[in-house]
Amino acid sequence: MNRRHFMRTSTAFAVGAALSSCRAVAGDPPIHFEVHGPDDGVPLFLGFPLFASYADIFGAERAVVKEDFLSRLTDRYRVLLADYPNVGRTFTPPPAEMTPDRVYSDLLSVADAAGFDRFAYCGHLWGAVNGLALASRSDRVTALICGTWPPLGAPYADMLRGVEMQLAEPPPHAMVILRDPSQYAQWQTFYLGMQGWDEVEAVAAITCPRLALIGSEAESAVAGIPLRLVERVREARPALEGMGWEVREIPRAETGAILDAEVMVPEMRRFLV
């Protein structure tokens, strides 16, 4: 099924922003997205954990997170944000359908609908996994920032094991963005689909400028299983640099820095130019 065929719905415009939605294929629920910045700006797709409806998801007091990124980027970049997956104003895909192929196709459909033929991409954690797929499977990514995730030696098996341990009772932090506990099974579908992924072949296929970016103190765990993100990035550094990657640690930055525009945007702009 070719999900890059889409149809626009519910389009509205505001100063400096275009708000719209698209369907990956006719009959699918729409994926909500926003585009901010000048028409001639450099296309930049900001993936997870930033969303179009950030304030709706996390509360008005957290709206500053999205606003800070946009205020520091939209002088030069045309920024695309999406509510994906199954967050904010988006109600797709069902948990059993959220395979890596589905996510890849849905995100390209959003880029199509936004008029982003080619674009730079930046995402952290799950958003970084999506960036690796987009950059390795298409020629549309002009530059990739793989944030807070090791492009090589990634803990896909640990993610699946941890998710399956939490299916009966999803963790509170996950329920902040999920609509109901059954939706948590989407992560089982996704990470099950990543078990056979040949990351070495995929990462070697990426030829655009690419940056592995992580805070030196960034760590995460799933169901108590430590993901060893910083350690894994350090272990992979020689191989990544041999493939042409830039690897950058932000001194003293913890995982929460991925939502701090004051920390992240200078790194992004330095790399993206």
Q. In Å, rounded to the nearest 0.5 Å, how long is the span from OG of S53 to CG of D83?
A. 3.5 Å

(Q) salt bridge (charged side-chain N to carboxylate O under 4.0 Å, His left out) for R228 and E219? Distances and angles first, verdict last. (A) CA-CA 6 Å; R228 301 172 38 249; E219 275 310 330; over 6 Å; no

(Q) As an exercise, state the distance from OG1 of T189 to CD of E97, rounded to the nearest 0.5 Å. (A) 9.5 Å

Q) Does the side chain of Q195 pick up a donor-acceptor pair with the side chain of Y156 at under 3.5 Å? A) no

(Q) Is it true that D106 and Y84 share a donor-acceptor pair across their side chains at a distance under 3.5 Å? (A) yes

Q. Do R89 and D56 have side chains that get closer than 4.5 Å, going by heavy atoms?
A. yes

Q: For the pair S71 (side chain) and D68 (backbone), establish whether a donor and an acceptor sit closer than 3.5 Å, ignoring hydrogens and angles.
A: yes

(Q) Test side-chain contact (heavy atoms from CB on, under 4.5 Å) on M264 and L213; report intermediate values, then the result. (A) CA-CA 9 Å; M264 288 295 154; L213 180 66; 4.0 Å; yes

Q: May I have the step-by-step check of salt bridge (charged side-chain N to carboxylate O under 4.0 Å, His left out) for D158 and R232, ending in yes or no?
A: CA-CA 13 Å; D158 288 341; R232 290 175 186 270; 3.2 Å; yes

**Q.** Atom pair CG (L240) and CD (E235), whose distance is rounded to the nearest 0.5 Å
**A.** 11.5 Å

Q: Look up atom SG in C208 and atom CZ in R140, then write down how far apart they are to the nearest 0.5 Å.
A: 13.5 Å

Q: Give a yes or no on this: more than 12 heavy atoms of other residues, nucleotides or ligands lie within 6.0 Å of atom CD of E254.
A: no

Q | 4.5 Å side-chain heavy-atom contact, V42 and T142 | A | no

**Q.** Geometric cation-pi criterion, R78 with F119: 6.0 Å, 45°
**A.** no

Q.
Show the nearest heavy-atom pair for residues V273 and R76, with the distance to one decimal.
A. O-NE, 2.7 Å

Q | side chain to side chain donor-acceptor pair (under 3.5 Å) contacts touching residues 262-273 (sequence neighbours left out) | A | D75-R269, E246-R270, R248-E267

Q) Of the non-hydrogen atoms in V200 and L152, which two are nearest, and what is the gap between them? A) CA-CD2, 4.0 Å

Q: Calculate, to the nearest 0.5 Å, the distance between atoms CG and CG belonging to D112 and D117 respectively.
A: 8.0 Å

Q.
Which heavy atom of E249 sits nearest to which heavy atom of S216, and what is that distance?
A. OE1-CB, 3.4 Å

Q.
With a 6.0 Å cut-off (strictly less than), is the heavy-atom count around CD of E201, excluding the residue itself, greater than 12?
A. no

Q. Given side chains that start at C-beta, do those of L44 and M268 come closer than 4.5 Å, heavy atoms only?
A. yes

Q. Is a side-chain donor-acceptor pair under 3.5 Å present for S182 with D180?
A. yes

Q: Using ring pair (Phe, Tyr, Trp, His ring centres under 6.0 Å) as the criterion, list what pairs up with W126, not counting sequence neighbours.
A: F48, W187, F190

Q) Does Q183 use its side chain to pair, donor to acceptor, with the backbone of N86 at less than 3.5 Å? A) yes

